[in-house]
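Heads up, the thing below is written out as structure tokens.
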Amino acid sequence: MADFRKSTVYQIYPKSFYDTDGDGLGDLKGVTAKLDYIKELGVDYIWLTPFFVSPQKDNGYDVEDYYNIDPRYGTMEDFDELAKEAEKRGIRLMLDMVFNHTSTRHEWFQKALAGDEKYKNYYIFKKGKKPGVPPTNWDSKFGGNAWEYVEKFDEYYLHLFDVTQADLNWDNEEVRKEVQNIVKFWMKKGVKGFRFDVVNLISKGIFEDDFEGDGRRFYTDGPNIHKYLKELNETTFGTDAEIITVGEMSSTSIENCYQYAGAESNELSMVFSFHHLKVDFMGNEKWVLVPFDFQKLKNIIFEWQTKMSQHNAWNAVFWCNHDQPRVVSRFGNTEKYWKESAKMLATVVHCLRGTPYIYQGEEIGMTNAGFTDISQYKDVESLNHFRILQEKGLTEDNAYSILKVHSRDNSRTPMQWNNGENAGFTSGTPWIEVIKNYKYINAESQIDDENSVFAYYKKLVKLRKDEDAISYGDFQSMAENHKEIFAYKRQYNGETIIVVNNFYGKEILWDTEIDLSGYKCILSNYNDSKVDRVLKLRPYESIVLKK
Ligand code: GLC
């Protein structure tokens, strides 16, 4: 089995990756066409975001049929071909399983709406508190109340996300069996990885009004969550030791993650948590503009690294995905130090304890979209909140400034392959605009350049394979309260690796208080980094030292 502690996962958002038929949408054939590029990067797994039949209200996270491929992405033959070609190159596929909810276009929901009691019980229908008042005051994560009224039944159904994404009732054993069958179907196709979407929300707890928050405390990490994950493990992927799994854990607690991703708990291989990506929020509120809090970022990452390690549990480590803005725009510098900061941020994540995830385009330093008009945005969450922000009294300009920083479309723009038309993504009209900087930020110009961001990611992927201290070592934070430095130590079998990063664009002197004479520099984003007890770090400089 590929050892997931030495592995790196590459995430593909097929819609924006590569279009082979000129309709402006990426497709599965496009993934196959680019396998050699992915192989060159050295990664072990490809995580594909959902390509199942879907009305695409939430770009495929609203599944209508889990057993078939959306024609926009291709056919089952295209999938089989992709699986075969990936395997030839030693790359495994990880599929994205969305089981907290289905599209309201799913056959189950349609039958429920038609009044079939069996299928009504697949979802969460409830009476309102009184006429016109939904069962609880919970917010949908995409804005508005989380309940939708169905007149015919005089009842509401729960949708924690879009109104077209109805939450499944996991307390119904039949639902759990359906889910198991879907996982087994894809296992039979040779899939060796699964990512489970917002999976810690599947076990609903108490249906009560929340007067302190948006309702999430009542359904996050719910009462039967560990039981349901153990059951899914036991009945499906747990029967194949080669399969790796990752759970997307929305607003979770670290105590629950010890179990979700504990080596002994028979739930999942690892977890995505998001606390470190809320350091530019106000509490849980994303739609605000506040500078990121560096100290908080360090505290959170250090805490998760240390405690997950103490509890023998495994993290997925990452900055980027299809829901997050681009990290170089978020915590780095897109102007003078674009390349240095992109490499520094990569170093921070890739030397941590956990399995690193690279989101398409991150490996070439892609930036935020820079959209200035609402017509350029496509994401349902962004469009809803653009309206809601203005309803709350913000000016249109203010709403735009917030979208520009936080919109999920920042990372959904087409992959920048070359400096030709549409960045080489499509010969048609791209479904979402290509970022103008593709003229100088593109894959083609970086593949053979040994100083490129791409070449640096390649080195990091290899470093994890070569250095046991990075893949297996324990974690110790350093310079905890330093205002500019992000540093830590990894140790394994008598070897020590020290990772030092200057997170800012100015020169810093840092007394490590360690005799570094026995250490050598094994990686740096400047070619001539010097190793001294007092380190002189240039803007965004990263140094990885080994003894
Ligand atoms: C996850 C996905 C996101 C989606 C949501 C609802 O957070 O990553 O893209 O909108 O779940 O399925």
Side-chain angles (χ1 to χ4, degrees), residues 9 11-17 26 47-64 66 70 94-106 109 123-124 138-144 146 148 158-168 170 179 182 193-202 204 214-216 219-221 245-252 260 268 270-278 281 284 286-287 316 318-326 357 359-360 362 377-385 406-413 432:
V9 183
Q11 182 194 352
I12 293 184
Y13 199 67
K15 199 169 194 171
S16 302
F17 193 59
W47 151 25
L48 294 157
T49 62
F51 47 71
F52 313 106
V53 177
S54 156
Q56 303 287 324
K57 279 289 285 182
D58 187 22
N59 286 345
Y61 284 92
D62 46 332
V63 181
E64 180 178 334
Y66 294 91
D70 193 297
M94 172 185 274
L95 299 201
D96 204 327
M97 297 281 133
V98 189
F99 291 143
N100 175 66
H101 44 264
T102 72
S103 163
T104 48
R105 289 249 298 259
H106 195 288
F109 194 80
Y123 295 90
I124 302 172
W138 302 351
D139 291 334
S140 146
K141 304 214 182 235
F142 290 168
E148 180 71 6
L158 179 68
H159 63 91
L160 294 181
F161 294 87
D162 187 59
V163 57
T164 65
Q165 292 165 300
D167 281 57
L168 282 166
W170 272 69
V179 162
I182 297 165
F194 293 102
R195 177 232 188 221
F196 294 102
D197 190 62
V198 290
V199 75
N200 64 325
L201 310 185
I202 58 175
K204 299 339 188 229
D214 58 7
R216 70 183 70 192
Y219 57 74
T220 301
D221 302 324
T245 52
V246 56
E248 186 201 21
M249 300 304 172
S250 172
S251 300
T252 190
Y260 293 141
L268 302 168
M270 63 188 106
V271 282
F272 289 117
S273 67
F274 295 91
H275 300 282
H276 68 297
L277 296 175
K278 293 185 180 176
F281 288 17
N284 279 324
K286 155 169 163 177
W287 301 98
F318 69 104
W319 292 125
C320 297
N321 65 32
H322 63 291
D323 297 327
Q324 300 293 330
R326 293 285 183 181
Y357 284 66
Y359 175 64
Q360 68 184 44
E362 179 185 343
Y377 287 97
K378 308 293 169 202
D379 170 32
V380 55
E381 184 198 39
S382 306
L383 297 174
N384 286 351
H385 282 281
H406 289 297
S407 169
R408 305 194 297 178
D409 281 336
N410 280 313
S411 58
R412 297 177 178 186
T413 64
I432 187 169

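Numbering of ligands and ligand atoms starts at 1, following listing order. Quick note: numbers below take in every heavy atom, side chains included, and nothing from hydrogens, waters or symmetry partners.
A distance of 4.5 Å separates OG of S411 from OH of Y359, quoted to the nearest 0.5 Å.
Every atom of ligand 1 with a heavy atom of H101 under 4.0 Å away is listed here by number and element: 6 (C), 12 (O). The distance from ligand 1 to the heavy atoms of F142 drops below 4.0 Å at these ligand atoms: 10 (O). Numbered from 1 in the order shown, with element, the atoms of ligand 1 that lie under 4.0 Å from a heavy atom of D323 read 1 (C), 2 (C), 3 (C), 7 (O), 8 (O), 9 (O). Residue V198 has at least one heavy-atom neighbour below 4.0 Å for each of these atoms of ligand 1: 1 (C), 7 (O), 11 (O).
A donor and an acceptor atom, one from each side chain of D96 and T49, are nowhere located under 3.5 Å apart. For the residue pair D221 and Y260, a side-chain donor N or O sits within less than 3.5 Å of a side-chain acceptor on the partner. Side-chain atoms of K278 and S251 form a donor-acceptor pair, as typed in the model, at a separation below 3.5 Å.
Taking the six-membered ring for Trp and the full ring otherwise, Y123 and H106 have centroids separated by 6.0 Å or more. In this structure, W47 has its ring center under 6.0 Å from that of F272.
Of the protein's heavy atoms, D197 OD1, 3.1 Å lies nearest to atom 2 (C) of ligand 1. The nearest protein atom to atom 7 (O) of ligand 1, hydrogens excluded, is given as E248 OE2, 2.9 Å; this is a heavy-atom distance. Residue, atom and distance of the protein heavy atom nearest to atom 4 (C) of ligand 1 are D58 OD2, 3.3 Å.
At a 4.0 Å heavy-atom cut-off, ligand 1 does not touch K57 at all. Of the heavy atoms in R408, only side-chain atoms (C-beta onward) come closer than 4.0 Å to ligand 1. With a 4.0 Å heavy-atom cut-off, ligand 1 is reached by no atom of K141.
Ligand 1 is never approached by E381 to a heavy-atom distance shorter than 4.0 Å. Taking a 4.0 Å cut-off on heavy atoms, R412 registers as neighbouring ligand 1.
For the pairing with E381, the salt bridge (charged side-chain N to carboxylate O under 4.0 Å, His left out) check across K141, K286, R412 returns one residue only, K286.
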Item to check | Intermediate values then yes/no, salt bridge (charged side-chain N to carboxylate O under 4.0 Å, His left out), R408 and D379 | outcome: CA-CA 7 Å; R408 305 194 297 178; D379 170 32; 2.9 Å; yes
